[in-house]
Amino acid sequence: MSTTDDILAIQHLVARWCDAINRRDFAAAAACFATDGVWAPPGSEARGRAEIEALLEQLVGPQELLVQFAANPLIDLRGDSASARWQVLEVGRTPDGKNLTILGTYDDRLTRTAGEWQFLERRFSFLMFATHEGDAMVHPFG
């Protein structure tokens, strides 16, 4: 693969992650990780796909709505490993009906195994976490 192909493949991996989160397909999100990968949102850490899926269900599952966007990738390739940094915006609605806005950063370590890029580690840091009252139209999942 060329450098451009690797960068596009990593960007596609992050798009798959965001899409799985947005669709609440936590098994698909966990499948973005190496078998012993680590997902570390603030205050938690899950190792391995089963733990990652369970933690996603615990943290994201109760939200009435959560949509995640990742932008501004900085990707550093080193053969079959890479690091990346993404700015993330999440908007949603909490179980108690409040609007939710989250800004943060993902710092990733990645590996290429059998030609496929996967996360070894994703660590999320908050830049802003806000809930607020207000009207918003929410379409149910499904």
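Going from atom OG1 of Thr3 over to atom CD1 of Ile75 covers 11.0 Å, rounded to the nearest 0.5 Å. To the nearest 0.5 Å, atoms CG (Asp25) and CZ (Arg16) are separated by 11.0 Å. Distance check, rounded to the nearest 0.5 Å: CD of Gln63 to CZ of Arg93 gives 11.5 Å. Trp86 CH2 to Asn72 CG: the interatomic distance, rounded to the nearest 0.5 Å, is 9.5 Å. Taking CG from Leu100 and CG from Leu65, the interatomic distance works out to 9.0 Å, rounded to the nearest 0.5 Å. For the atom pair OG (Ser44) and CG (Leu59), the distance works out to 5.5 Å, reported to the nearest 0.5 Å.
For Leu89, the side-chain contact (heavy atoms from CB on, under 4.5 Å) partners at least two apart in sequence or on another chain are Phe69, Val91, Thr101, Leu103. By the side-chain contact (heavy atoms from CB on, under 4.5 Å) test, Ala30 is found to be paired with Arg49, Ile52, Glu53, residues two or more places apart in sequence or in another chain being considered. With sequence neighbours excluded, the residues forming a side-chain contact (heavy atoms from CB on, under 4.5 Å) with Thr113 are Thr111, Gln118, listed by chain and number. By the side-chain contact (heavy atoms from CB on, under 4.5 Å) test, Ala9 is found to be paired with Met1, Trp117, residues two or more places apart in sequence or in another chain being considered.
Residues Phe26 and Leu55 have side chains not in contact (no heavy-atom distance under 4.5 Å, counting atoms from C-beta outward). In this structure, Ser83 and Leu77 have side chains that are not in contact, with every pair of non-hydrogen atoms separated by 4.5 Å or more. Side-chain contact between Glu64 and Pro95: absent, with no pair of heavy atoms (C-beta onward) separated by less than 4.5 Å. In this structure the side chain of Phe124 never reaches within 4.5 angstrom of the side chain of Thr105, judged on heavy atoms. Side chains of Leu120 and Leu110 form no contact here, defined as non-hydrogen atoms less than 4.5 Å apart. Using a 4.5 Å cut-off on side-chain heavy atoms (C-beta onward), Asp19 and Arg23 make contact.
The backbone N or O of Cys18 sits less than 3.5 Å from a side-chain atom of Asn22, completing a donor-acceptor pair.
In the model, Glu51 has no side-chain atom that pairs as donor or acceptor with a side-chain atom of Trp39 under 3.5 Å. Side chains of Asp5 and Ser2: a donor on one and an acceptor on the other come within 3.5 Å.
Aromatic ring orientation, Trp17 versus Phe33: perpendicular (interplanar angle above 60°, classes split at 30° and 60°).
Sorted by first and then second residue, the salt bridge (charged side-chain N to carboxylate O under 4.0 Å, His left out) pairs with a member in residues 31-46 read Glu45-Arg123; sequence neighbours excluded. Residue pairs satisfying the salt bridge (charged side-chain N to carboxylate O under 4.0 Å, His left out) criterion with at least one member in residues 66-79, sequence neighbours excluded, are listed as follows: Asp76-Arg78.
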> Step by step, would you call Arg85 with Asp108 a side-chain contact (heavy atoms from CB on, under 4.5 Å)?
Replying inline: CA-CA 6 Å; Arg85 184 174 181 88; Asp108 297 332; over 6 Å; no
> Could you walk me through whether Arg112 and Asp6 pass the salt bridge (Lys or Arg N to Asp or Glu O under 4.0 Å) check?
Replying inline: CA-CA 9 Å; Arg112 179 174 36 205; Asp6 285 330; 2.5 Å; yes
> Would Val88 and Gln68 satisfy side-chain contact (heavy atoms from CB on, under 4.5 Å), going step by step from the backbone distance to the final call?
Replying inline: CA-CA 7 Å; Val88 176; Gln68 184 179 93; 3.6 Å; yes
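Tyr106 is connected to Phe126 through a chain of hydrophobic side-chain contacts under 4.5 Å among Ile, Leu, Val, Met, Phe, Trp and Tyr, so both are in one cluster. Residues Ile102 and Val14 share a single hydrophobic cluster, defined by chaining ILVMFWY side chains whose heavy atoms lie under 4.5 Å apart.
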